[in-house]
Engineer: 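First the structure, which I've put down as structure tokens, then a few questions once you've had a look.
Below, all heavy atoms of this structure are taken into account, side chains as well, without hydrogens, waters or symmetry copies. For the single chain, residues carry numbers from 1 onward in sequence order. Owing to the predicted nature of the structure, the values given are computational and were not obtained by experimental measurement.
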Amino acid sequence: MKLSVFTVATADVTPEELCREAAAAGIEGIEWRCKEISAETRLEAPSFWGNNHSTLSPLASEEEIGRFKQAVDNYGRKTLALAPYIQCGDLETTERIFKLANRMDASMVRVGVPAYNRTRSYNELYDQAVVYLQEVEVLAKEHNLKALVETHHYTIAPSASLAHRLVSGFNPDHIGVIYDPGNMVHEGYENFRLGLELLGPYLAHVHVKNAGWLPAGGDHPNSAAAAVQGTVEGDSLQPIDWTCSWRPIASGVIPWKQVLTDLKAVKYDGWLGLEDFSGTYNTVTMLAKYAQQMNQWMEEIE
């Protein structure tokens with residue numbers, strides 16, 4: 001398995017700095033965040049989903065494309081994917097990003113999946129997504145790419161099994177899945193190996209991050225019962241709220257050594273893409289720690 005980084009997590013460094021530090025850490029692959037950033041947003045402090053300095057514009061000029069490619073080449077890195085925020089059904093944007101991926105020498109592109117928020121039936125959204133992916137498959141073949149559906153909370157594909165249901169009617173050469181266990185802490189948890197075995201040839205990429213659950217803050221009569229098994233509830237008619245938030249890779253719900261073991265068991269030899277949103281470390285430290293963790297854990301499971 002090979003190490004990569006998704007630049008949504010490296011908001012405070014430029015493309016040149018990112019490639020330099022990735023090279024120093026031994027991280028070969030780059031998955032570029034792809035989104036337009038407004039002039040107003042560029043005045044803000046760096047942030048994952050705002051003023052992200054390692055973001056490629058979907059409308060990138062030849063000069064911008066050249067800058068990103070030069071950064072990759074100068075430090076011997078490899079662009080493996082573009083990760084835009086395409087709405088399901090938006091074929092015009094999908095084709096434009098596919099063309100950009102070809103110019104960037106990327107072999108994979110993340111595509112849109114309908115959100116699920118209880119306002120529309122899952123079955124209706126599933127049908128909509130299948131119609132979209134039918135067209136995406138044609139475009140992916142035309143552009144010699146693989147389009148990726150990500151396991152993501154609050155969508156119709158939060159789990160490996162629901163992602164598999166969505167993509168299983170398509171050619172895995174052109175439609176695949178980003179397996180993201182960290183997202184599945186929020187929603188969609190399944191036994192890792194079971195999900196990987198189900199995905200089979202559709203397993204195309206893996207995101208690496210972590211998350212955890214805690215009782216929501218505040219003075220609640222059931223806080224003690226939520227924290228310690230066997231503690232009597234203060235008020236059994238008042239359910240306590242829980243919140244899920246991001247954690248460093250070794251400090252969340254996902255046991256990454258087990259996930260790596262399961263990936264090895266299904267003979268996955270693709271990319272492991274860092275996407276740490278915990279904010280625990282600065283970018284340079286985060287990259288170095290990630291490489292150290294993955295390399296050591298992979299060595300331990302040999």
Engineer: Can you tell me which residue pairs pass the ring pair (Phe, Tyr, Trp, His ring centres under 6.0 Å) test with a partner in residues 53-89, sequence neighbours excluded?
Structural biologist: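 For residues 53-89: Trp32-Phe68.
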Engineer: Can you give me the closest heavy-atom contact between Ala204 and Gly176, atom names plus distance?
Structural biologist: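 It is CB-CA, 4.2 Å.
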Engineer: Treat each ILVMFWY residue as a node, draw an edge where side-chain heavy atoms are under 4.5 Å apart, and state whether Leu166 and Tyr189 are in one component.
Structural biologist: yes
Engineer: Will you find, in the side chains of Tyr132 and Thr94, an N or O donor that is under 3.5 Å from an N or O acceptor?
Structural biologist: yes
Engineer: Sort and list the pairs that fulfil salt bridge (charged side-chain N to carboxylate O under 4.0 Å, His left out) and have at least one residue in residues 90-114, not counting sequence neighbours.
Structural biologist: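 Of all non-adjacent pairs touching residues 90-114, those that pass salt bridge (charged side-chain N to carboxylate O under 4.0 Å, His left out) are Glu62-Arg103, Lys69-Asp105, Arg110-Glu150.
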Engineer: Nearest 0.5 Å, please: how far is OG in Ser168 from OH in Tyr202?
Structural biologist: 6.0 Å
Engineer: With sequence neighbours left out, what residues match Trp246 under ring pair (Phe, Tyr, Trp, His ring centres under 6.0 Å)?
Structural biologist: His186, Phe277
Engineer: Donor-acceptor pair, distance only, cut-off 3.5 Å: does the side chain of Asp235 make one with the backbone of Pro221?
Structural biologist: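 Checking the backbone N and O of Pro221 against the side chain of Asp235, no donor-acceptor pair under 3.5 Å is found.
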Engineer: Looking at Leu145 and Ala106, what are the two nearest heavy atoms and their distance?
Structural biologist: CD2-O, 3.1 Å
Engineer: Quick check against the 3.5 Å criterion: does Arg247 have a side-chain atom that pairs as donor or acceptor with the backbone of Ser245?
Structural biologist: yes
Engineer: Shared ILVMFWY cluster between Val259 and Leu198, side chains joined below 4.5 angstrom?
Structural biologist: no
Engineer: Side chains of Gln258 and Asp262: do they bring a donor and an acceptor to under 3.5 Å?
Structural biologist: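 A pair is found: one side chain offers a donor N or O, the other an acceptor, under 3.5 Å apart.
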Engineer: Report, as yes or no, whether the 6.0 Å neighbourhood of atom CG on Asn144 holds more than 12 heavy atoms from other residues, nucleotides or ligands.
Structural biologist: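 No.
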Engineer: Identify the heavy atoms of Pro201 and Pro172 that sit nearest to each other, and give their distance.
Structural biologist: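 Heavy-atom minimum between the residues: O-CB, 3.7 Å.
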Engineer: Output, in order, the C-alpha distance, side-chain angles, deciding distance and verdict of side chain to side chain donor-acceptor pair (under 3.5 Å) for Thr79 and Arg77.
Structural biologist: CA-CA 7 Å; Thr79 292; Arg77 302 302 91 189; over 6 Å; no
Engineer: Which distance, rounded to the nearest 0.5 Å, do you find between the NZ of Lys146 and the NZ of Lys141?
Structural biologist: 14.5 Å
Engineer: Give the cluster check for Leu56 versus Phe48: same hydrophobic cluster or not, with ILVMFWY residues linked at side-chain heavy-atom distances below 4.5 Å.
Structural biologist: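 Shared cluster, no.
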Engineer: Is it the case that the side chain of His164 and the backbone of Ala160 share a donor-acceptor pair, with hydrogens and angles ignored and the cut-off at 3.5 Å?
Structural biologist: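 Such a contact is absent between His164 side chain and Ala160 backbone.
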Engineer: Near Gln292 CD, under 6.0 Å, is it more than 12 heavy atoms from other residues, nucleotides or ligands?
Structural biologist: no
Engineer: Is there a path from Val131 to Leu125 through hydrophobic residues (I, L, V, M, F, W, Y) whose side chains come within less than 4.5 Å of each other?
Structural biologist: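 Different clusters.
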Engineer: Give a yes or no on whether Met294 and Val266 share a hydrophobic cluster (residues Ile, Leu, Val, Met, Phe, Trp, Tyr; joining criterion: side-chain heavy atoms under 4.5 Å apart).
Structural biologist: yes
Engineer: Test your reading of the model: is there a side-chain donor-acceptor pair from Asn222 to the backbone of Gly234, 3.5 Å cut-off?
Structural biologist: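 Checked: pair present.
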Engineer: Main chain of Asn52, side chain of Thr55: is a donor-acceptor contact present, judged purely on distance under 3.5 Å?
Structural biologist: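 Pair found, side chain donor or acceptor close to backbone of Asn52.
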Engineer: Please find the pair of heavy atoms, one from Thr151 and one from Asp180, that lie closest to each other, and give the distance.
Structural biologist: OG1-N, 2.9 Å
Engineer: Does anything in residues 19-31 form a salt bridge (charged side-chain N to carboxylate O under 4.0 Å, His left out)? List the pairs, not counting sequence neighbours.
Structural biologist: none
Engineer: Filter on salt bridge (charged side-chain N to carboxylate O under 4.0 Å, His left out), then keep only pairs touching residues 266-275, sequence neighbours left out; what's left?
Structural biologist: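 Qualifying pairs, neighbours excluded: Lys209-Glu275.
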Engineer: Can you measure from OG (Ser107) to CG (Leu148) and round to the nearest 0.5 angstrom?
Structural biologist: 8.5 Å
Engineer: Minimum heavy-atom separation for Gly212 and Val185, please, with both atom names.
Structural biologist: N-CG1, 4.1 Å
Engineer: Which heavy-atom pair separates Phe192 from Pro181 by the least distance, and what is that distance?
Structural biologist: CE2-CB, 4.2 Å
Engineer: Starting at CG of Leu196, measure out to CD of Glu190 and round the result to the nearest 0.5 Å.
Structural biologist: 10.0 Å
Engineer: Which residues satisfy the salt bridge (charged side-chain N to carboxylate O under 4.0 Å, His left out) test with Arg120, sequence neighbours excluded?
Structural biologist: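 In terms of salt bridge (charged side-chain N to carboxylate O under 4.0 Å, His left out), with neighbours along the sequence ignored, Arg120 is linked to Glu124.
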Engineer: Among all residues two or more places apart in sequence or in another chain, which pass the salt bridge (charged side-chain N to carboxylate O under 4.0 Å, His left out) test with Glu63?
Structural biologist: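 With neighbours one apart ignored, the set is empty.
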Engineer: For Ala291, is there any backbone N or O sitting under 3.5 Å from a side-chain donor or acceptor partner on Asn295?
Structural biologist: yes
Engineer: Atom OG of Ser161 and atom CG of Asn191: how far apart are they, to the nearest 0.5 Å?
Structural biologist: 11.5 Å
Engineer: Quick one: list whatever passes salt bridge (charged side-chain N to carboxylate O under 4.0 Å, His left out) with Glu300, sequence neighbours left out.
Structural biologist: Lys257
Engineer: Output yes when a side-chain donor or acceptor of Asn210 lies under 3.5 Å from a complementary backbone atom of Gly182, and no otherwise.
Structural biologist: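 Side chain of Asn210 to backbone of Gly182, a donor-acceptor pair under 3.5 Å: no, none is there.
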Engineer: Under the 3.5 angstrom rule, does the side chain of Tyr268 hit a backbone N or O of Trp271 as a donor-acceptor pair?
Structural biologist: yes
Engineer: Would you please name every residue forming a salt bridge (charged side-chain N to carboxylate O under 4.0 Å, His left out) with Glu197, sequence neighbours left out?
Structural biologist: Arg193
Engineer: For residues 1-15, which side-chain N or O atoms pair as donor and acceptor with protein atoms under 3.5 Å away, sequence neighbours left out?
Structural biologist:
| residue | atom | partner | partner atom | Å |
| --- | --- | --- | --- | --- |
| Ser4 | OG | Leu272 | O | 3.4 |
| Thr7 | OG1 | Arg33 | N | 2.8 |
| Thr7 | OG1 | Ser54 | O | 2.8 |
| Thr10 | OG1 | Thr7 | O | 3.2 |
| Asp12 | OD1 | Thr283 | OG1 | 2.4 |
| Thr14 | OG1 | Glu16 | OE1 | 3.4 |
| Thr14 | OG1 | Glu17 | N | 3.1 |
| Thr14 | OG1 | Glu17 | OE1 | 3.3 |

Engineer: At what distance, to the nearest 0.5 angstrom, does CG of Asn282 lie from CE of Met286?
Structural biologist: 8.5 Å
Engineer: Glu137: which residues meet the side-chain contact (heavy atoms from CB on, under 4.5 Å) condition with it, sequence neighbours left out?
Structural biologist: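 Glu137 satisfies side-chain contact (heavy atoms from CB on, under 4.5 Å) with Phe170, Asn171, His174, Ile175 only.
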Engineer: What pairs meet the salt bridge (charged side-chain N to carboxylate O under 4.0 Å, His left out) rule with one or both residues in residues 38-51, with sequence neighbours excluded?
Structural biologist: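 Every candidate salt bridge (charged side-chain N to carboxylate O under 4.0 Å, His left out) pair involving residues 38-51 fails, so no pair, neighbours aside, qualifies.
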